[in-house]
Amino acid sequence: MQRVVRILRAYWKAIVALIATGALAGLGWSSLQPRVYTADASGYVAAVASDGSTGAALAGDQLALSKVKSFIDMGYWRSVAETARQDLGLSDPAESLVQRIRVSNPVDTVNVRVEATGPTPESARDLAEAWIRGMTVEVDQLETGAGGRSAVRLVAGDSARLPTTPSSPNVRLDVTLGALAGGVAGIIFALVRRAFDRRVRSTHDITDAVDASVVGVLPVDKELASGRAVFSFDDIKDGRGSFAHKEAMRELRTNLQYVDVDRPARIVVVTSPLSGDGKSTTAANLAVSIAATGQSVVLIDADLRRPVLGGMFGFSDDVGLSDVLAGRAQIEQVARQVDQNGRLFVVAAGRTPPNPSEMVGSQRMQALARKLADDMVVIVDSPPTLAVADAAVIASWADGAVLVVTAGRTTDDMLTRATENIAKTRGHLLGVVLNRMPVRGVDSGYYGAQYGGYYGYGAERSSTKAWWRFWRRGQTVSVAAAEDREAGSRTQPADPPPENVSGLRTLAPVATPAVPGGEVTDEITVPATSGETAAGTLPRRRTRRG
C-alpha cells in the first residue's frame with residue numbers, strides 16, 4: 001500500500017488532469033442531451049358509503065386500500081393511453097405515451113400518483129393530468145355494477161405543479177460520474193506507467209538491477225542545475241553548495257574508504273553510463289573532499305575526447321595528460337595545485353590524441369598512475385562507459401571504479417550494460433552513486449532541507465517572515481557576488497576556459513611565492529631547475545610503512 005501511495009503521489013498531476021478531463025466530459029455530455037421535465041398528478045380512491053355509518057366508512061376504507069393496488073396496473077393500459085391522447089389531441093402512438101408515464105401508490109395510502117415526462121414543463125404537466133383523468137374514466141367503467149353504481153371511484157386531484165428545472169440530464173450526477181471515471185483512469189495510468197518505467201529512482205532500483213552496492217546518494221543542488229561547480233569542504237558555511245550535498249559527498253568519501261579495508265583503493269576511476277550524469281563534477285568534489293581530510297590527492301582528467309576538469313578549476317585543457325603520455329612533458333610540469341594547503345593537484349587532459357583508448361590503456365599510463373598512488377590518492381575522470389571503451393580500459397588496471405547514475409534518467413538496462421562493460425575487462429566496481437536525487441517529493445532521498453536545517457546550515461526557519469527571508473536572500477546573493485568578483489579580479493587564470501564550459505564556479509587558486517631563479521605566474525611557479533617545474537610541487541615519495 002505504501003508503494004501504491006508513492007506511485008499515486010508521483011503521478012498526482014496526471015491523475016488530477018484526468019479527473020478534470022472526466023468532469024468536463026460529463027459536463028459536455030450533459031449539455032448535448034435533450035432536456036426532459038417531469039410533472040406529477042395524483043388521484044384519490046374513495047369508497048361510496050351506503051348509509052354513512054362509522055362501520056360502513058371503515059369498510060369503505062378497507063375496500064379502497066384493497067382496490068388501489070389494482071389501479072396501479074390499470075395505469076399502463078392502452079385504453080387509458082388512448083383516452084389521454086384524445087384528450088390532449090396528440091398524434092403520438094399510445095406505446096410512446098406509456099413510455100413517458102410512471103404510476104405508483106405511496107405506502108399505506110389510497111392515493112394514485114402519476115408521473116409524466118415531456119420536452120417542456122407544460123407538456124409534462126398536461127400529460128400527467130390527462131392520464132389521471134383517463135384512469136378515472138376507466139375506473140368508473142369497470143366498477144359500475146348492474147345497478148349502474150360503483151362501489152369505489154377514483155377522484156382526480158388538483159392540477160399538477162409546473163416543473164421549474166429539468167429532471168434529465170442530471171448535470172451534477174454526470175459531472176461526478178465523469179470525475180470518478182477520470183480518477184480511475186488516472187490511477188490505472190499511474191500504475192501502468194510506473195510498472196513499465198525502467199528508470200532508476202531509488203537505491204532499491206539499483207540493487208534490484210545489478211549486483212552492486214550503492215556507495216553514495218547525492219541530492220539535487222541548485223548550483224549544479226546550470227553547470228558544473230566545485231565546492232569547498234573546509235568551511236561548511238562558505239555559501240557554496242548545499243549542506244545536504246556536501247554531507248552526501250562526505251558519506252561517499254567514507255564509504256569508499258571502507259569498501260575494502262584490507263586493500264583500500266588508491267586509484268579510483270569515476271565514470272557513468274552516458275554523458276550528463278555528473279561524473280566529472282562528482283570526481284572533482286570527491287577529490288576536494290578527500291583533500292580536506294589531509295590526504296594528498298591528484299585528479300586526472302582521462303576524458304581525452306571531451307575534457308572539462310581544466311575549465312572547472314580555471315585553467316586550460318591544452319596541456320596535460322596526453323602530453324605526459326606522449327613524452328612531451330613531465331607530470332610535475334602539468335600538475336596544477338588548486339588548494340591552499342598543497343594537497344590537491346589537477347592534471348588536465350591535454351590535446352586530444354587520435355587514439356584515446358590506446359593511450360589511457362597503455363603501460364605508460366598504468367605506470368604513471370601507480371607511481372602517483374604511492375604517495376597520493378588518484379582520482380581518474382573517464383569518459384562514459386556506454387559511449388566509448390576508455391572507462392572499461394582504465395577500470396581494468398585501476399583499483400576500483402565508481403559508476404555515477406542519474407535518478408529519473410538512467411534506465412536499468414543502461415546500468416546493467418555499464419556494469420557488464422566494466423566486468424568484461426575484469427574491473428572492480430566499488431559501487432554506484434545515485435546522483436541528483438530529489439530532496440522533495442515521493443522520490444526524495446534521505447537528505448533534504450529539514451536535515452540541513454536541524455544543524456542550522458540548511459534553509460531558513462519556517463517561522464521567519466517571508467519578506468525577511470526574501471531580503472536576507474538578496475543580501476546574501478549580493479555579498480557572495482561581490483566576493484566572487486573580488487576573488488576573480490585577484491586570481492585570473494592564465495588561459496581562458498574552453499568554449500564548451502561556461503558559468504563555472506571554481507576554487508580560487510593561490511599563487512605560491514616566487515622561487516629564486518624562477519618565473520612567477522598567476523597560477524604556477526616554474527622553478528629554474530630543470531625537470532621539476534610544476535604548478536605546485538607534487539609531494540615527494542614517502543617511504544610506505546609496512
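We number each residue from 1, following the sequence as shown.
Listed for the R199 side chain is no donor-acceptor partner under 3.5 Å among the backbone atoms of T411. A donor-acceptor pair under 3.5 Å is absent between the side-chain atoms of S396 and the main chain of R426, judged by distance alone. Of the possible donor and acceptor atoms, none in the side chain of S272 sits under 3.5 Å from a partner among the backbone N and O of P384. A distance-only check finds no donor-acceptor pair linking the side chain of E247 to the backbone of A244 [under 3.5 Å]. A donor-acceptor pair under 3.5 Å is formed between the side chain of R266 and the backbone N or O of M376. No side-chain donor-acceptor contact under 3.5 Å links D205 to the backbone of V200.
Note that CD1 of I188 and CD1 of I15 are 11.0 Å apart. Values are rounded to the nearest 0.5 Å. Note that CG of N435 and NE2 of H245 are 7.0 Å apart. Values are rounded to the nearest 0.5 Å. Of the inter-residue distances, the one linking L252 atom CG with S289 atom OG reads 7.0 Å to the nearest 0.5 angstrom. Note that the CD1 atom of I187 and the OH atom of Y11 stand 14.5 Å from one another [nearest 0.5 Å]. In this structure, T406 OG1 and M414 CE are separated by 10.0 Å, a value rounded to the nearest 0.5 Å. With rounding to the nearest 0.5 Å, the separation of CG in L415 from OG1 in T385 is 11.0 Å.
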Go through it in stages, so that I can follow the logic: the residues are I300 and L372, the test is side-chain contact (heavy atoms from CB on, under 4.5 Å), and I'd like the CA-CA distance, side-chain angles, deciding distance and then a yes or no. CA-CA 11 Å; I300 301 177; L372 295 175; 4.0 Å; yes
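Side-chain contact between V230 and V288: present, with at least one pair of heavy atoms (C-beta onward) separated by less than 4.5 Å. T271 is listed as a side-chain neighbour of L403, based on a closest heavy-atom distance under 4.5 Å. Two residues are said to be in side-chain contact when any heavy atoms from C-beta on lie closer than 4.5 Å; V298 and I379 fail this criterion. Within the 4.5 Å cutoff, no side-chain heavy atoms of V268 are placed close to those of D399. Contact annotation: the side chain of L191 approaches that of I7 to within less than 4.5 Å [non-hydrogen atoms, C-beta and beyond]. At least one side-chain heavy atom of Q337 sits under 4.5 Å from a side-chain heavy atom of D339.
By the 4.0 Å N-to-carboxylate-O rule, D303 lies close enough to K279 to be salt-bridged with it. Using a cut-off of 4.0 Å between Lys/Arg side-chain N and Asp/Glu carboxylate O, R417 and E420 are scored as not salt-bridged. One finds a salt bridge joining D412 and R198 here, because a Lys/Arg side-chain nitrogen approaches an Asp/Glu carboxylate oxygen to under 4.0 Å. Remark: R409 engages D277 in a salt bridge, criterion side-chain N to carboxylate O under 4.0 Å. Using a 4.0 Å cut-off between charged side-chain N and carboxylate O, D197 and R201 make a salt bridge.
The environment of CZ in R305 is crowded: more than 12 heavy-atom neighbours from other residues, nucleotides or ligands sit within 6.0 Å. Within 6.0 Å of the CG atom in D211, the count of heavy atoms belonging to other residues, nucleotides or ligands does not exceed 12.
A side-chain contact (heavy atoms from CB on, under 4.5 Å) with L218 is found for exactly one of M249, R436, M437, namely M249.
Side chains of S357 and D390: a donor-acceptor N/O pair is present below 3.5 angstrom, by distance only.
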